[in-house]
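Each remark here refers to the structure printed beneath this line.
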Amino acid sequence: MSMSKNFMVLVLTLVLAGYYVFVAVYLNNMGYYNQESLFYIEKGKIVFDGIGQRLKVIGLTAPLFPFYATFVFSIVSEQLSAVLASAVGTAVLFNIMANAIIKRLDDEFYVFFLLGIFLIHPGILYAACSGKSVYLILIFFFLFYLNFFKFYLSNTTFHVSIASICLVVLVFCDYKFIWLTLFFLPLVLSISIDSLNLSEKESVFRLFISFNNPSLRRKLINKTFAMYIIIFILPLVSVLIYKMLNLTHAADLNYFIDSPYATWSVMAEKIDYNVLLDTTMHHKLPEAPIVISTRMILYCPMILVAIYLYRQRTYQILTLLTPFAFVEFLRIKYDKVYLAQQYYLIFLILALLCVVIRAVTIKEQKAFKIMLVILGVVQIYSGYMFLDRSYVKEEQTFIRVLMKKEAPDSQNENIDMANYINALPGNPRLLIDDGVAYPVAAFIKNVQGLIMPYEERFLSAVESPGRYASYILVASTKNPANGYTQLTPKYLQILRTGNNKIYLEKRFETNDWILYKIDQH
């Protein structure tokens, strides 16, 4: 019977993967692209087809694991590598969660309930078909919390070690999750207190007794410190080593999170925020203060069921509250960045995990299943509403392409410019700043003809373009990224003033980009 269930889950996973690939390719053909997938595509082209110091691109492009995940699928198609990775990765997430269900529950209803969520929920479809790294974040978030709950059941520190490894990968999928460690500090203290052999049951009184008894105080401190070491030492050391790698090769500890050449989010988040700020009458925060946790509950009401299932267990409740504290902190820490879809979806994944673990304890299974179905429908509707009214333009675009079949035009100018460059005769050398122009570079076929910042000759080419390049791509004054690159009309004006032998001929222009041919007399 166990083998048949495993086979059923495998078949469902393959069907789900095929479904996601079909939808992802369909949306791609409709013209849906996002900044993150284009960034990975462009960097992948440099790694496989570029010239110069590509090793630096491999090692310092962040987030690391989503970037590497696209490599496997570059064999199939460079342009589709990101969406294929997200489609297959989300199917793998379903497989992991479904296998967790069949190990704990005999009822196939929960597998098919999970399948329904993965088939229809807009947030899950976004993770699967957008080409973003959301799928990896959800996989390792699920494994991180799963191993914590396994530790609560078995009291085996092996599971804490596995959770620590999952946290490392999670941080290298989205660096902001490093702040999650802050909110596990009271949880670890609670676990240590609970592990003491005391007759008193209430945690507050156990803590009071421990601090007033030298022997118990020493034991509590030792256990707490040991838990901190097991959970946090690996993530913190990994981040420190990676920062030293950045310092060695880029002369900046935070290059991987601060540089637009290292990560897509630097430019995308700034431009998204500034564009919304300029197009609204009044400044809007991405989420209203204080009520952000309410927003998360509205997005995923099933999290209340999860809290109810653990209502009599202190440290499990603290575990469920850590994501709430985490997103509240993100809103304060990154006040000029909108909370993206992955920070909402983690509550759905956590709620499903709690149902998987605790459903067996419910006596009234029929009523519980009906409640789950109702909540599932509510969550699918709220998922659509949150995406449709998202502050992140790419999320709005995705749901409108998916549900309303509206062809997006956000990349039309980049594609038009890339097509013109692809059609240029010969093998022209193009000076381009891929810190802002990576969406154009992602659509250019011959990247060997591009002179980009990762190459040593780039600075020399900027100072004397006539010697190195035959064309130069500059950001127009209307381009939102105009202030983040040196290659602008102002640069051309300085170039003309300082070098009278150079002649620049405008060859092609869009709203955001201008292509010039360089002639040197």
Side-chain angles (χ1 to χ4, degrees), residues 2 5-6 9 93-111 113-114 138-170 180-181 183-203 206 219-220 223-224 226-232 234-235 302-324 346-365 368 372:
S2 176
K5 282 187 177 180
N6 288 331
V9 169
L93 172 62
F94 167 80
N95 184 273
I96 294 170
M97 296 180 72
N99 276 299
I101 290 174
I102 62 176
K103 286 178 183 177
R104 291 168 175 78
L105 300 168
D106 245 354
D107 198 335
E108 294 177 357
F109 163 83
Y110 294 99
V111 175
F113 173 74
L114 181 69
L138 298 183
I139 287 173
F140 288 98
F141 182 87
F142 176 81
L143 291 175
F144 175 66
Y145 276 87
L146 174 64
N147 280 283
F148 252 102
F149 282 107
K150 282 183 178 179
F151 168 71
Y152 298 150
L153 293 172
S154 65
N155 202 27
T156 306
T157 52
F158 167 78
H159 297 301
V160 179
S161 302
I162 298 299
S164 180
I165 295 171
C166 293
L167 182 58
V168 171
V169 182
L170 184 60
L180 191 62
T181 57
F183 306 102
F184 271 83
L185 297 178
L187 174 62
V188 170
L189 179 60
S190 176
I191 294 170
S192 301
I193 292 169
D194 192 71
S195 66
L196 296 175
N197 188 20
L198 297 174
S199 58
E200 179 59 56
K201 298 298 181 184
E202 291 294 331
S203 297
R206 292 170 72 91
K219 187 181 292 185
L220 176 62
K223 285 193 173 187
T224 304
M227 285 288 290
Y228 284 156
I229 291 293
I230 294 172
I231 298 171
F232 301 132
L234 188 57
M302 196 183 294
I303 196 69
L304 294 176
V305 175
I307 293 172
Y308 175 79
L309 291 174
Y310 282 110
R311 63 194 179 279
Q312 295 177 341
R313 297 171 183 258
T314 304
Y315 44 87
Q316 280 92 338
I317 290 293
L318 284 173
T319 306
L320 293 174
L321 293 179
T322 51
F324 287 99
I346 58 175
F347 290 91
L348 175 61
I349 296 301
L350 186 58
L352 290 170
L353 171 61
C354 294
V355 169
V356 167
I357 295 174
R358 296 291 293 173
V360 70
T361 64
I362 303 298
K363 294 180 180 178
E364 296 294 333
Q365 282 289 314
F368 185 64
L372 283 183

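Reckoned from all heavy atoms, side chains included, excluding hydrogens, waters and symmetry mates.
- Using a 4.5 Å heavy-atom cutoff, the side chains of F184 and F232 are in contact.
- D106 contributes atom CG, which lies 10.5 Å from atom CD1 of I102 (distance to the nearest 0.5 angstrom).
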message: Apply side chain to side chain contact (heavy atoms under 4.5 Å, CB included) to residues F324 and F347 and explain how you reach the verdict.
response: CA-CA 9 Å; F324 287 99; F347 290 91; 3.7 Å; yes
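- Between L321 and I317 there is a side-chain heavy-atom pair separated by less than 4.5 Å.
- Within the model, atoms CG of L105 and CZ of R358 stand 12.0 Å from one another, a figure rounded to the nearest 0.5 Å.
- Expressed to the nearest 0.5 Å, how far OG1 of T156 lies from CG of N147 amounts to 11.0 Å.
- Contact of the L350 side chain with the F142 side chain is not registered, since no non-hydrogen atoms from C-beta on lie closer than 4.5 Å.
- Residues Y110 and V356 are not in side-chain contact: their nearest non-hydrogen atoms beyond the backbone lie 4.5 Å or more apart.
- The shortest side-chain heavy-atom distance between F149 and Y310 falls under the 4.5 Å cut-off.
- Considering CG of N95 and CD1 of I139, their distance stands at 10.0 Å, rounded to 0.5 Å.
- For K150 (side chain) and Y145 (main-chain N/O), no donor-acceptor pair under 3.5 Å exists by modelled atom type.
- Between V360 and R104 there is no side-chain heavy-atom pair separated by less than 4.5 Å.
- Aromatic ring orientation, F148 versus Y152: tilted (interplanar angle from 30° to 60°).
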task: Could you give me the CA-CA distance, side-chain angles and deciding distance for V169 and F144, then say whether side chain to side chain contact (heavy atoms under 4.5 Å, CB included) is met?
output: CA-CA 10 Å; V169 182; F144 175 66; over 6 Å; no
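- The heavy-atom pair separating A351 from A306 by the smallest distance is CA-CB, 4.2 Å.
- The structure places CD1 of I357 at 11.0 Å from CD1 of I101, a figure rounded to the nearest 0.5 Å.
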- request: Output, in order, the C-alpha distance, side-chain angles, deciding distance and verdict of side chain to side chain contact (heavy atoms under 4.5 Å, CB included) for M97 and I349.
  value: CA-CA 9 Å; M97 296 180 72; I349 296 301; 4.1 Å; yes
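- F141 has its side chain within reach of P323: a pair of non-hydrogen atoms, C-beta onward, lies under 4.5 Å apart.
- Formation of a donor-acceptor pair under 3.5 Å by the Q365 side chain with backbone atoms of A359 is found in this model.
- The closest side-chain heavy-atom distance from F113 to L352 is below 4.5 Å.
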Could you give the side-chain donor-acceptor pairs of residues 158-167 under 3.5 Å, partners two or more places apart or in another chain?
residue: S161; atom: OG; partner: T157; partner atom: O; Å: 3.3
residue: S164; atom: OG; partner: I230; partner atom: O; Å: 3.2
residue: S164; atom: OG; partner: I231; partner atom: O; Å: 2.9

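- Under the 3.5 Å distance criterion, the side-chain polar atoms of R311 are left unmatched by any main-chain donor or acceptor of I307.
- Separating the CG atom in L114 from the CG atom in L372 is a distance of 11.5 Å, to the nearest 0.5 Å.
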